[in-house]
Amino acid sequence: MTVSRPRHAEQGDWSCALPLQIVRDVNNALKEKSAERSNPLKIAETIVRRLPDSPILGRVEVARPGFINMFLNPQWLAAQTGEIVQQGADYFRLPLGQGKRVQVEFVSANPTGPLHFGGARNAAIGDTLARLLENSGYEVQREYYINDRGNQMNIFAETLWRRYQQLHGIDVEIPADGYPGAYMIEYARQIQAEQGDSLLSLSDEQAIPRFRELGLEVVTTELSTDLGMMRVYFDNWFSEQSLYEDGTFEHVSTLLREQDDLYIKDDAVWFRASRYLPNSDRDEVFIRSNGEPGYYASDIAYHYNKFITRGFDWVINVWAVDHQNQAARMPAMMKALGLDPERLTIVLYDLVTLRRGGQEVKLSKRSGEMVTMREVLEEVGADAARYLLLSHSNEARIDFDIELAVAQNNENPVYYVQYAHARVSSILRKAQEQGLDWRQADLSLLQHETELTLLHKMLQLPEIVAEAVQRLAPHLLPHYALDLARTFTKFYDACRVLSSDPADAELSRARLQLVQATQIALAHTLELMGMSAPESM
RNA sequence: GCCCCCGUAGCUCAGUGGAUAGAGCAGAGGACUUCUAAUCCUAAGGUCGCAGGUUCGAAUCCUGCCGGGGGUGCCA
């Protein structure tokens with residue numbers, strides 16, 4: 001049996017369509033007994049008559065064509081104010097995870113340059129999912145997977161080496177397929193600052209591995225700093241290369257070979273993915289004909305490490321939609337490793353197009369004119385970036401307009417939400433300055449429609465979090481935040497909290513508790529999104 | 001060709017089997033001796049891409065089509 005929240009207030013706080021859903025079965029059963037047929041309204045009335053008494057439940061109504069509409073007891077609702085104030089943000093936390101160990105792997109962009117702005121969406125989604133899970137009783141690890149091996153890294157290292165040589169006046173060209181961006185010169189300068197000209201004597205064969213190492217250090221430091229600007233921090237930076245150094249790759253290869261999952265065709269080693277996927281006859285390259293393991297080989301070794309070596313119960317990978325094909329073949333890998341594919345969830349999100357007042361800005365890393373995440377963050381700030389990137393469902397594309405994001409006016413919902421928190425804080429601050437003490441209050445005085453609506457809205461927060469976790473849909477948060485802020489502002493508009501009239505003192509104390517509860521709920525929601533909760537604006 | 005995602009108000013988007021499809025912004029009209037007007041109130045605005053189907057009930061599920069984007073065996 002399910003209950004849902006109806007759209008219209010007169011249809012109750014909770015509604016149940018059970019009578020409509022079961023009327024057929026009921027009538028079939030009655031027919032067997034040759035009894036008179038029933039109908040949804042009758043069934044609803046029967047259910048309502050038998051509902052047990054509950055302090056939570058107020059009146060219950062039957063509505064055509066067979067809904068049961070339930071209203072919360074306003075007294076109980078008002079009393080929740082005190083519960084929220086007492087328990088703080090814990091009031092809104094549900095123990096969904098029960099200590100399950102979950103890893104969220106996100107961003108994981110190639111370490112060959114600064115993050116472009118598309119990476120910011122990945123960061124926002126991944127980090128917010130991690131926050132949602134942490135707040136729902138999961139033990140969460142945030143991981144960045146560093147693709148520190150393979151061809152792109154070599155080209156990166158060679159470009160860096162040439163830039164370093166150029167800085168010392170040596171006439172060399174960067175490779176034709178190299179990284180032309182100016183940031184590569186900046187990286188070379190950093191290496192020059194640390195190493196001076198001591199590396200100039202190296203041969204190309206010596207220099208490239210060395211510059212791989214040095215370059216990786218420079219880039220990952222920069223990535224970490226830039227992501228920090230967005231309040232995104234990783235518990236672990238995992239090296240792809242390490243899978244080949246610690247024997248994981250060898251071990252997994254042996255395992256698959258023993259299972260007869262590998263075969264040779266066209267000088268390459270193939271993984272028999274097709275035997276694990278019922279509707280596919282497609283296998284995957286495991287080791288390329290040039291002897292290098294393909295990325296799928298790394299993926300298998302990596303996930304062996306995640307599940308078997310490190311024992312995560314659940315792993316979530318946040319990938320851009322252009323990896324959809326890769327995502328589709330992950331279940332084959334899981335089955336080959338003897339793991340339940342359900343334990344791995346790939347969250348796919350669509351791309352971000354960046355605009356500046358309608359004009360599209362390209363985000364390519366290989367072209368020199370890219371817009372980095374850092375540049376955008378410096379301009380719009382982490383709060384606006386996170387809010388706007390989160391407010392669309394993962395599958396939807398985003399047009400991110402920088403001019404709109406920085407607009408400090410009512411076109412921008414970011415500030416509306418934060419402004420509500422600032423207002424709440426301002427009232428509490430003022431009350432404190434007046435020496436008021438609202439720890440004891442008669443909460444049954446909270447009877448105004450806007451007061452009860454506000455409470456009701458706060459009670460929805462755990463449901464929103466639960467749904468966001470269940471669907472891995474962080475976009476529910478900004479929509480809820482706006483809704484909560486709006487509900488508060490309507491209360492603020494209708495109900496005076498502080499009053500100089502002593503006759504209002506009791507009501508004022510109750511309302512101060514309500515305001516404090518709102519502060520807790522708003523701050524918690526902002527916290528889940530990784531946004532700041534300003535005390536004043 | 002095949003696979004995945006999207007198509008909802010003028011714009012940006014929620015709504016993933018329930019009742020009268022909702023917000024924000026823009027546009028129209030109104031409200032400031034205020035606990036912060038970065039605000040509030042009112043009205044207006046929709047063939048939910050199109051056509052079938054399943055269901056008591058479909059924006060939501062199924063099929064086909066149209067439009068946009070992405071993917072499509074040795075880059076990741």
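Chain A is the first sequence line, chain B the second, and so forth, proteins listed ahead of strands; every chain is numbered from 1. All heavy atoms count here, side chains included; hydrogens, waters and symmetry mates do not.
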Could you list, one pair per line, each protein nitrogen or oxygen that sits under 3.5 Å from a nitrogen or oxygen of nucleotides 7-12 of chain B, together with the distance?
none

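- Taking the side chain of A:Ser289 as heavy atoms from C-beta on, and the options B:G18, B:C74, B:C35, the nearest nucleotide is B:C74.
- Contact annotation for A:Cys16: no contact, since no heavy-atom pair falls under 4.0 Å across all strands.
- Contact check of residues 267-275 of chain A against RNA chain B (heavy atom, cut-off under 4.0 Å) returns A:Ala268, A:Trp270.
- With B:C35, B:G18, B:C5 as the choices, the nucleotide that has an atom nearest any side-chain atom of A:Asp350 turns out to be B:C5.
- As judged by a 4.0 angstrom heavy-atom cut-off over every strand, A:Gln324 is placed among the base-contacting residues.
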In a table with atom names and distances, give each donor-acceptor pair under 3.5 Å that connects a side chain of residues 266-273 of chain A to protein atoms at least two apart or in another chain.
| from | atom 1 | to | atom 2 | distance (Å) |
| --- | --- | --- | --- | --- |
| A:Trp270 | NE1 | A:Lys265 | O | 3.0 |
| A:Arg272 | NE | A:Asp260 | O | 2.9 |

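- Qualifying side chain to side chain donor-acceptor pair (under 3.5 Å) partners for A:Ser253, counting only residues two or more places apart in sequence or in other chains: none.
- Pairs of residues two or more places apart, or lying in two chains, never qualify as ring-ring contact (aromatic ring centres under 6.0 Å, His included) while including a residue from residues 449-486 of chain A.
- If you check every strand for non-hydrogen atoms under 4.0 Å, A:Gln21 touches a base.
- A salt bridge does not link A:Lys430 with A:Glu433: none of the charged nitrogens is closer than 4.0 Å to a carboxylate oxygen.
- Residues passing the side chain to side chain contact (heavy atoms under 4.5 Å, CB included) test with A:Gln447, sequence neighbours excluded: A:Gln75.
- Secondary-structure stems of RNA chain B, taken as three or more successive Watson-Crick or G-U wobble pairs (i with j, i+1 with j-1) under a 3.5 Å distance threshold, comprise B:1-7 with B:66-72, B:10-13 with B:22-25, B:28-31 with B:39-42, B:49-53 with B:61-65.
- With sequence neighbours left out, A:Ser298 forms a side chain to side chain contact (heavy atoms under 4.5 Å, CB included) with A:Tyr145, A:Arg149, A:Glu240, A:Tyr244.
- Between B:U39, B:A38, B:A14, one nucleotide has an atom nearer to the side chain of A:Thr489 than all others, and that is B:U39.
- In this entry the distance linking OH of A:Tyr415 with C1' of B:U36 reads 17 Å, nearest Å.
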What string of B, S and - do you get for nucleotides 20-30 of chain B 5' to 3' if you count protein non-hydrogen atoms under 4.0 Å? BSS-SSS----

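- Under the side chain to side chain contact (heavy atoms under 4.5 Å, CB included) criterion, A:Ala44 pairs with A:Pro19, A:Val62, A:Ile68, not counting sequence neighbours.
- Across B:A19, B:C74, B:U36, the shortest atom-to-atom separation from the side chain of A:Arg288 is found for B:C74.
- The residue A:Asn69 sits close to a base: some heavy atom pair falls under 4.0 Å.
- The side chain of A:Ser391 places no N or O atom within less than 4.0 Å of a non-bridging phosphate oxygen (OP1 or OP2) of B:C13.
- The side chain to side chain donor-acceptor pair (under 3.5 Å) search around A:Asp148 returns A:Ser239, not counting sequence neighbours.
- When distances run from any side-chain atom of A:Met537 to the nucleotides B:C75, B:U36, B:A76, the shortest one goes to B:U36.
- Among B:A76, B:C5, B:C35, the nucleotide with an atom closest to any side-chain atom of A:Asn147 is B:A76.
- Straight-line distance from the CG atom of A:Leu348 to the P atom of B:C6: 11 Å, rounded to whole Å.
- Listed by chain and residue number, A:Asn27, A:Pro40, A:Ile43 satisfy the side chain to side chain contact (heavy atoms under 4.5 Å, CB included) test with A:Val23 (two or more places apart in sequence, or in another chain).
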